[in-house]
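Accompanying notes for the structure given below.
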There are 2 protein chains.
Amino acid sequence: MSDPEQKRVPLEDLRRSCASCSVQQLCLPAAVDADDLARLDVLVRKRRPLQRGEQLYRQGDPLTALYVARNGAFKTVVHAPDGQAQILGFQLAGELFGFDGFGTGRHQCTAEALGPAQVCEVPLDKLEAYALEVPGLRRQLIQLMGRRMNRDQAHVAILARRQAAERVALFLHGLSERYIALGGRPDRVDLPMSREDMGSFLGLAFETVSRALGKLQDEGLIHVDGRRVTLLDAQALRAMVHPDGA
Amino acid sequence: MSDPEQKRVPLEDLRRSCASCSVQQLCLPAAVDADDLARLDVLVRKRRPLQRGEQLYRQGDPLTALYVARNGAFKTVVHAPDGQAQILGFQLAGELFGFDGFGTGRHQCTAEALGPAQVCEVPLDKLEAYALEVPGLRRQLIQLMGRRMNRDQAHVAILARRQAAERVALFLHGLSERYIALGGRPDRVDLPMSREDMGSFLGLAFETVSRALGKLQDEGLIHVDGRRVTLLDAQALRAMVHPDGA
DNA sequence: CGGTCAGTTGACGGAAATCAAAAAATGTGG
DNA sequence: CCACATTTTTTGATTTCCGTCAACTGACCG
């Protein structure tokens, strides 16, 4: 896992880590040719590891970079003035995030590590400079934001459901698809967040989340073992998500 | 700013209409200097009027343009395979929309006129060509998408509320702010959509929307007259939205 | 071995969905 | 302009589901 001969040249490490990063196709260089890709590493800065509960950026912070979850997962939270928090999203290992704040220049939410984590950081000023050389980069950024918007829309579609079990099923289904896209097993969903976090995301009390998971298990759709969920009947789960079978 | 000698060149009409369009600051040219602004009109194409219920684009259609509601309002809807529809947003007169579909190249939802309406259309291919001349345009587009994402996040924050009256209050508050931004009266909120549409957007049964409006009226916060709502106590409404008074 | 935290399960009350019907608004054709 | 049909909105009665309160279990950690 290391280049023993190199005398601690950070650039080398970065390049290697970026090449092995599962995000590479999701990440910026998707529309950039291989030659450009080779130069992209210089943009990325490895960041110190984060502990569970540590915040990567806070609501109100100026937007200075985008982030890729390298290991571990994150949640993005909006804190209302009265102290109550609303979770807007979860970022899995391999996903790019930090787009909130492009509207105002300041982050609209706080990003917090759900467990031990590492992030790669893409400073925006370097990205900006790089965009002058690589015309396709901004277009690629727009596409990535478009995907992120679609995910937010899916979140809305979940929250508008009235049955708790439906919301949970939709949530698991969405997580499963993301894990698959990141190279995971199609039937395995590991939940990096607590029941309480799920509840906040889904607009449910955490007890209701627990009960809904139990109900889905009783129906034979999933198997629940703490934060390890197995999809037993992805077909039926999908049917629950898309009742018409499309 | 104009070429008066040109004989009925549609360009003239377009320029005039674009100059009077209330979107101009929201719209693309915000980060573009005045000189560039003058050339922007050529991008915009006036579209035929739409009738109530008529669809501007449909889920699955290739993304070919962005739109500005000129008169009237629109709703964007996701149709689930089982036929049940979820409203993702409302577009008021003067607002730019159509960003869904930047992720996949196809619209993720259907845009439908809530009443008689007119739209200006910004073809993407022209926008693309224009972006080569005006470097700031893509950045501006990113910023606009960022704002749109923030609005979606506000939608999530609404849906996560558990009291129906709170959701409705937040909805009215948000609409009011948008009307103010577009130059409307601060205390007047005209609802271009039915109770059923509101219900879909808010994740509530339409009867519940009706009752919640009645409750807010009984509490003296608003006055309801069909689709014409007057904010009687914007202070209290704001307090309901931001319980801590921030 | 206590102590905290995360998760499950049970009981209960309340808020919203649902079912139902009336009233108001809107549109249509004569 | 009116009469009629249709849609929209309101209001009422009932039921269902979820939030809340509470007790309990198990895991992790000092």
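Naming convention: chains lettered A, B, ... in sequence-line order (proteins, then strands); numbering from 1 in each chain.
When the side-chain nitrogen and oxygen atoms of B:S194 are compared with OP1 and OP2 of D:dT8, none of them lie within a distance under 4.0 Å. Between B:R162 and D:dT20, a side-chain N or O to OP1/OP2 separation shorter than 4.0 Å is present. The shortest distance between the side-chain N/O atoms of B:Q163 and the OP1/OP2 oxygens of C:dA16 is below 4.0 Å.
Among C:dG10, C:dT8, D:dT8, the nucleotide with an atom closest to any side-chain atom of B:R52 is D:dT8. Considering only the side chain of B:S210, D:dT10 comes nearest among C:dT18, D:dT10, D:dC21. If you check C:dA17, C:dA11, D:dT9 against the side chain of A:R211, the one that comes closest is C:dA11. For A:R227, taking side-chain heavy atoms from C-beta onward, the closest of the listed nucleotides D:dC21, C:dA17, C:dG7 is C:dG7. The nucleotide whose nearest atom lies closest to any side-chain atom of A:V224 is, among C:dA16, D:dT9, C:dT8, C:dT8.
At a threshold of 4.0 Å, the pair A:E95-A:R151 counts as salt-bridged, since one of the basic side-chain nitrogens sits closer than that to a carboxylate oxygen. Ion pairing of B:R227 with B:D190 is absent here, as no side-chain N (NZ or NE/NH1/NH2) approaches a carboxylate O to less than 4.0 Å.
B:F206 has its side chain out of reach of B:M198: every pair of non-hydrogen atoms, C-beta onward, lies at least 4.5 Å apart. Put simply, the side chain of B:R228 reaches to within 4.5 Å of the side chain of B:R188, judged on heavy atoms. Between B:Q84 and A:R161, some side-chain heavy-atom pair lies under the 4.5 Å cut-off.
Across residues 213-222 of chain A, not one residue has a non-hydrogen atom less than 4.0 Å from an atom of DNA chain C.
Counting non-hydrogen atoms under 4.0 angstrom, B:G199 reaches nothing in the nucleic acid. Nucleic acid contact for B:E207: base, since at least one base atom lies under 4.0 Å from a heavy atom of the residue.
Of the possible donor and acceptor atoms, one in the side chain of A:H155 sits under 3.5 Å from a partner among the backbone N and O of A:F201.
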